[in-house]
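Here's the structure we're looking at; comments come further down.
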2 protein chains.
Amino acid sequence: MANSKLYKGSLTTIILKLLSEHNKMYGYEITQKVKALTKGELQITEGALYPSLHKLESDGLLEVEVAKVDNRLRKYYKLTEKGSKETVSKLEELEQYLATLQALLNPKLSF
Amino acid sequence: MANSKLYKGSLTTIILKLLSEHNKMYGYEITQKVKALTKGELQITEGALYPSLHKLESDGLLEVEVAKVDNRLRKYYKLTEKGSKETVSKLEELEQYLATLQALLNPKLSF
DNA sequence: AATATATACATAAATTTCTTATGCATATAA
DNA sequence: TTATATGCATAAGAAATTTATGTATATATT
């Protein structure tokens with residue numbers, strides 16, 4: 001089954017939401033979690049993920065903690081306080097957008 | 001109220017869906033219809049709309065009919081047969097994505 | 001009469017976000 | 001020894017959008 005294309009803007013929200021539930025995660029873990037939760041429907045590519053994580057970090061929404069497990073590098077990310085607030089507003093923004101889409105695509109239900 | 005940003009890929013689907021319900025529409029009409037249906041939440045900019053319409057036309061999904069009303073130009077767009085089919089698959093694709101997002105953002109509900 | 005707003009089209013430059021293609025390195029399975 | 005999985009990263013290109021302009025007519029406002 002072909003996997004869904006990512007819609008612009010949703011990746012950041014997905015990352016933040018996962019981190020709000022799992023305390024700390026590393027990049028590769030995020031790709032696997034998304035794959036599992038969506039039954040393979042959505043594959044986060046590394047080319048999209050890592051730059052996003054870096055941007056979230058430089059924006060002060062995430063903080064990093066480097067660890068070495070089985071002789072391999074891991075970069076654990078966790079939400080900062082600012083990141084937690086941003087998660088709330090990003091989720092609201094996304095839910096608002098989904099409601100707006102409903103109004104457009106299912107106009108009969110929205111009055 | 002700040003209006004929602006457009007998520008990548010949804011504009012084309014919105015245009016196609018509106019045209020599947022209204023037979024023929026012109027560009028400015030589409031911007032007003034979207035604004036009305038979403039109570040101002042979503043504003044389709046002309047810089048996004050017109051290039052999209054041109055692309056849909058050159059892809060054979062829309063056909064154009066030029067009219068002059070009140071001494072002003074209007075370009076009415078309507079779905080071709082190919083466009084009608086594409087509308088169906090685009091809507092399925094979007095609904096699939098929304099379901100995938102649900103699985104990610106509301107994991108408790110998806111099992 | 002002048003000015004602003006609404007109607008109606010269009011395009012170019014810049015930005016954002018993502019895909020695709022690489023690259024490096026270690027561990028494990030075939 | 002070769003492929004797959006784990007784990008990071010970045011660069012080039014593509015795609016879709018925003019922002020900024022531009023043209024033109026009609027109507028409402030000052």
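A, B, ... follow the sequence lines: proteins, then strands. Residue 1 opens every chain. The figures that follow rest on heavy atoms only: side chains count, while hydrogens, waters and symmetry mates do not.
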To the nearest Å, give me how far apart [atom1] ([X]) and [atom2] ([N]) are.
X: A/K68; N: C/dA27; atom1: NZ; atom2: C1'; answer: 13 Å
X: A/I44; N: C/dT20; atom1: CD1; atom2: P; answer: 13 Å
X: A/M25; N: D/dT6; atom1: CE; atom2: C1'; answer: 15 Å
X: B/E29; N: C/dA8; atom1: CD; atom2: P; answer: 9 Å
X: B/Y97; N: C/dC18; atom1: OH; atom2: C1'; answer: 11 Å
X: A/I30; N: D/dA9; atom1: CD1; atom2: P; answer: 11 Å

Exercise for the section: Please list, by residue number, the residues of residues 47-65 of chain A whose heavy atoms come closer than 4.0 Å to an atom of DNA chain C; answer none if no residue qualifies. Expected result: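 Per residue number, the list reads A/G47, A/A48.
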Protein-nucleotides 23-26 of chain C N/O pairs under 3.5 Å:
residue: C/dT26; atom: O3'; partner: A/N71; partner atom: ND2; Å: 3.3
residue: C/dT26; atom: O2; partner: A/R72; partner atom: NE; Å: 3.2

Exercise for the section: Look at the side chain of B/T31 and the backbone N and O of B/Y28, then say whether any donor-acceptor pair between them is shorter than 3.5 Å. Expected result: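 Side chain of B/T31 to backbone of B/Y28, a donor-acceptor pair under 3.5 Å: yes, one is there.
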Fill in the blank from the handout: Of B/K75 and B/K8, the one whose nearest nucleotide on DNA chain C sits closer to the 5' end is B/K75
Using residues 49-63 of chain A as the side-chain source, report each donor-acceptor pair under 3.5 Å to any protein atom, sequence neighbours left out, with the distance given to one decimal.
residue: A/S52; atom: OG; partner: A/A48; partner atom: O; Å: 3.1
residue: A/H54; atom: ND1; partner: A/Y50; partner atom: O; Å: 3.3
residue: A/K55; atom: NZ; partner: A/D59; partner atom: OD2; Å: 2.7
residue: A/S58; atom: OG; partner: A/K55; partner atom: O; Å: 3.1

Exercise for the section: Under the salt bridge (charged side-chain N to carboxylate O under 4.0 Å, His left out) rule, collect the residues that match up with A/K24, sequence neighbours excluded. Expected result: A/E65
Handout entry: Under the salt bridge (charged side-chain N to carboxylate O under 4.0 Å, His left out) test, residues paired with A/K17 that sit two or more places apart
Key =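 A/K17 satisfies salt bridge (charged side-chain N to carboxylate O under 4.0 Å, His left out) with A/E21 only.
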Practice task
Determine whether the side chains of A/Q96 and A/T100 contain a donor N or O and an acceptor N or O closer than 3.5 Å.
Solution key: yes
Handout entry: Distance test, side-chain N/O of B/Y26 to OP1/OP2 of C/dA8, below 4.0 Å
Key =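 True: B/Y26 side-chain N/O within range (under 4.0 Å) of C/dA8 OP1/OP2.
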Exercise for the section: Give the nucleotide from the list D/dA9, C/dT7, D/dT6 with an atom nearest to the side chain of B/Y28. Expected result: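 Selected nucleotide (nearest to the side chain): C/dT7.
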Practice task
State, to 0.1 Å, how close B/V34 and B/L42 come at their nearest heavy-atom pair, and which atoms those are.
Solution key: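 B/V34 and B/L42 have their closest heavy atoms at CG1-O, 3.5 Å.
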Practice task
Applying side chain to side chain contact (heavy atoms under 4.5 Å, CB included), name anything that partners A/K33, two or more places apart in sequence or on another chain.
Solution key: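 Expected list: A/L18, A/H22, A/M25, A/L37.
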